[in-house]
Peer 1: 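Attaching a single structure in structure tokens format; questions to follow.
All values below were derived from every heavy atom in this structure, side-chain atoms included, with hydrogens, water molecules and symmetry-related copies excluded. Just so we're on the same page: letters track the sequence lines, and every chain starts at 1.
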Amino acid sequence: MAEPLLRLVDLRKHYGGLAVTDGVSLDVLPGEIHAVIGPNGAGKTTLIHEITGVVRPDAGQVVFAGRDVTRLSLPRRVRAGLARTFQITSVVPGFTALANVALAVQARLGSSFRFLRPAASEAATNTAAMDALAEVGLADRAEVPAGALSHGEKRALELAIALATKPRLLLLDEPLAGAGPEETERLIALLTRLKSAYTILLVEHDMQAVFALADRVSVLVYGRVIATGTVAEIRGNPEVRAAYLGEDEA
Amino acid sequence: MREAWLPLAVLLALGAAPLLGFGGSYETTLMARVMILAMAAVSLSFLVGGAGLVSLGHAASVGVGAYAVAILDAHNVTEAARVLPAAIGAAALFSMVTGAVAIRTSGVHFIMITLAFGQMAFFTASSLAAYGGDDGYTLYSRTEVWGSRLLGNRLTFHYVCLGALALTWALCAMLLASRFGRVLRAARENAQRVEAVGLAPYPFRLVAYVIAGAIGGAAGFLLANATEFVSPAGISWQRSGELLFMVILGGVGRLWGAILGAVAFVLLETWLADHVAHWKMVFGPLLVLAVLFLKGGLSGLVVRRHG
């Protein structure tokens, strides 16, 4: 077995008496799509915050690419190669789609403490930004203000921004949340294309999408991982069915 | 830049005015006040509209610059080559120390903490008995430039102020368009987004705050020389409020709006004070109406007209 890219070791987080993360251990292997599913209140959001550096766990370790990043801030983890998207779309609405991505490119390419040249006319950042936009199918929308894009396009733009940071791991927080059926289909097609090139940790509600995309699935219930396995194993796991899937959904 | 014809015309008019018969003492004094306050307002607009940092203590950096001139004057240091860097440096240092604390907060907290630092500067200045205390300090002379009394010349001083204003505008515009400015603008709209591409907004905001403070210090240097007088009133929160008002009146989204805002503010204030007995009772409501009905400020009005 290959060395895991992301390893969570016995993460714990309490809010008052409530154990929101209750000893979570989990490995994401290079090249796989690892999905985390769980009912509402299972602690998915807190877990993402712990992985990305928004919330510091009470105990345990987050090891990324062999390095303990438990104490690093969000920006530092991003620079180490851990990119994320947000459950609620997060773009700069007043910037064009291109400028949104170019911001990520300039963060990666050299210092952002540059004061003289107009950033909008930097060929190197714009070219790299266009590549990322093309990768998600937004090349023809480059000059549109991000605030004027459709919901599905904003989702895709957020992916392009994450890709522009040249991540080693993509953490997707419910990328399908709020998307209509048609948009969902297009986003799943897009994620399927990205699948071959990126290691992805996918947190998602949409079961059909998870079962279509994921290589492995971990099920989170009340802050604990109750099962990890392939899609088939998870579908067949009686404990999971009882805790989460319900008889008719499975 | 095509939409910026009006502020450019204003700068041209200011440049031409002394040659067209407006070169008297009254006119040049008034215009110097307009240009210097416009300079401070543009640097504040850079903070408010560019970085999203609504400071209610910007007059403090202007005051620090002005007091640097006064204090050095009291110790017989009147050479511009030393006074100007001291004024800018003192204001930048003040901004760095106060900004390091203030920028850890945001929103209303940031407004209140900048107000508090401004008032601290105000009371400090009031207690400087050696430099006039409450009454203020009258300079022995204007700052000298390599030993010459260049700034004492009305016309020269006029064009120095005009040049400083134009330079301020150009500098702030350049900064906002740069990589640095892009981070500031993005963080104003969505700080979380900036963090998620791997950049912490704090150092960028702090540098912006120091730059705006340094420009404020330069404006304070000019203001002290324009009036040859420095007093705590120039640091009061009312002055900070006036600067903020000029920015809002001109339109927050455009740097040059602050130039229009400063011109309109000072001219209206001066005209009313000359013609109406209880002018403040007219001035206040006029300002309120302007804010209510001029969405996007004066600059928004200009841009809308031109499609």
Side-chain angles (χ1 to χ4, degrees), chain A residues 52-54 72-86 88-96 99-122 124-125 129 132 145-147 157-158 160-167 171 173, chain B residues 1 4 43 46-52 92 96 103-104 167-212 214-215 251-255 296 300 303:
Chain A
T52 54
V54 178
L72 292 189
S73 66
L74 165 63
R76 284 171 162 275
R77 289 187 204 199
V78 175
R79 272 177 282 161
L82 208 169
R84 69 169 296 184
T85 63
F86 293 88
I88 297 162
T89 318
S90 184
V91 296
V92 183
F95 280 22
T96 62
N100 264 282
V101 184
L103 177 70
V105 177
Q106 82 170 45
R108 175 169 59 83
L109 290 180
S111 170
S112 280
F113 278 104
R114 290 195 191 155
F115 303 94
L116 302 181
R117 272 205 301 156
S121 57
E122 271 189 51
T125 49
L157 173 59
E158 230 193 321
I161 296 170
L163 297 182
T165 66
K166 292 265 185 260
L171 200 160
D173 188 359
Chain B
M1 222 45 197
S43 63
F46 166 72
L47 274 188
V48 176
M96 194 171 81
I103 291 167
R104 296 195 179 277
L167 193 66
T168 299
W169 179 17
L171 178 73
C172 291
M174 180 190 79
L175 290 174
L176 282 185
S178 71
R179 278 187 170 204
F180 169 74
R182 178 188 262 165
V183 177
L184 286 180
R185 288 179 286 123
R188 184 195 72 220
E189 288 196 49
N190 187 347
Q192 178 196 56
R193 179 70 268 163
V194 173
E195 294 196 336
V197 300
L199 298 170
Y202 181 84
F204 293 89
R205 288 175 171 158
L206 184 57
V207 169
Y209 196 74
V210 171
I211 290 171
I215 296 172
V252 169
R254 297 172 195 86
L255 279 177
V303 171

Peer 1: So which part of Arg117(A) gets closer than 4.5 Å to some heavy atom of chain B, the side chain, the backbone, both or neither?
Peer 2: backbone

Peer 1: Could you grab the distance from atom CG of Leu74(A) to atom CD of Gln192(B), nearest 0.5 Å is fine?
Peer 2: 8.0 Å

Peer 1: Which region of Arg188(B), side chain (C-beta onward) or backbone (N, CA, C, O), has a non-hydrogen atom less than 4.5 Å from a non-hydrogen atom of chain A, or is it both or neither?
Peer 2: neither

Peer 1: Examine whether an atom of Ile161(A) lies under 4.5 Å from a heavy atom of chain B, and if so say whether it belongs to the side chain, the backbone or both; otherwise answer neither.
Peer 2: side chain

Peer 1: At what distance, to the nearest 0.5 angstrom, does CZ of Phe95(A) lie from CZ of Arg182(B)?
Peer 2: 7.0 Å

Peer 1: Heavy-atom count around Arg108(A) CZ within 6.0 Å, excluding the residue itself: above 12?
Peer 2: yes

Peer 1: Looking at Asn190(B) and Val91(A), would you say the former's side chain and the latter's main chain have a donor-acceptor pair under 3.5 Å?
Peer 2: yes

Peer 1: Where on Ala102(A) is there a heavy atom nearer than 4.5 Å to chain B: the side chain, the backbone, both, or neither?
Peer 2: both

Peer 1: Would you mind checking which part of Ala83(A) comes under 4.5 Å of any heavy atom in chain B, side chain (CB onward), backbone (N, CA, C, O), both or neither?
Peer 2: neither

Peer 1: Stepwise, does the side chain to side chain contact (heavy atoms under 4.5 Å, CB included) test hold for Ser90(A) with Arg193(B)?
Peer 2: CA-CA 6 Å; Ser90(A) 184; Arg193(B) 179 70 268 163; 4.0 Å; yes

Peer 1: Chain B heavy atoms under 4.5 Å from Thr165(A): which part of the residue, side chain, backbone, both or neither?
Peer 2: side chain

Peer 1: Is there side-chain contact between Leu103(A) and Val194(B), with heavy atoms separated by less than 4.5 Å?
Peer 2: yes

Peer 1: I'd like to know which of Pro118(A), Ala107(A), Ser112(A) tops the heavy-atom pair count under 4.5 Å against chain B.
Peer 2: Ser112(A)

Peer 1: Please name the pair of heavy atoms, one in Ser178(B) and one in Arg114(A), separated by the smallest distance, quoted to 0.1 Å.
Peer 2: OG-O, 3.1 Å

Peer 1: Hey, what's the ring geometry for Phe204(B) with Phe113(A), parallel, tilted or perpendicular (30° and 60° as the breaks)?
Peer 2: parallel

Peer 1: Identify the two heavy atoms, one from Phe115(A) and one from Met174(B), that lie closest to each other, and give their separation to 0.1 Å.
Peer 2: O-CE, 3.5 Å

Peer 1: Give the minimum heavy-atom separation between Arg179(B) and Gln106(A), together with the two atoms involved.
Peer 2: O-NE2, 3.1 Å

Peer 1: Which region of Ser111(A), side chain (C-beta onward) or backbone (N, CA, C, O), has a non-hydrogen atom less than 4.5 Å from a non-hydrogen atom of chain B, or is it both or neither?
Peer 2: backbone

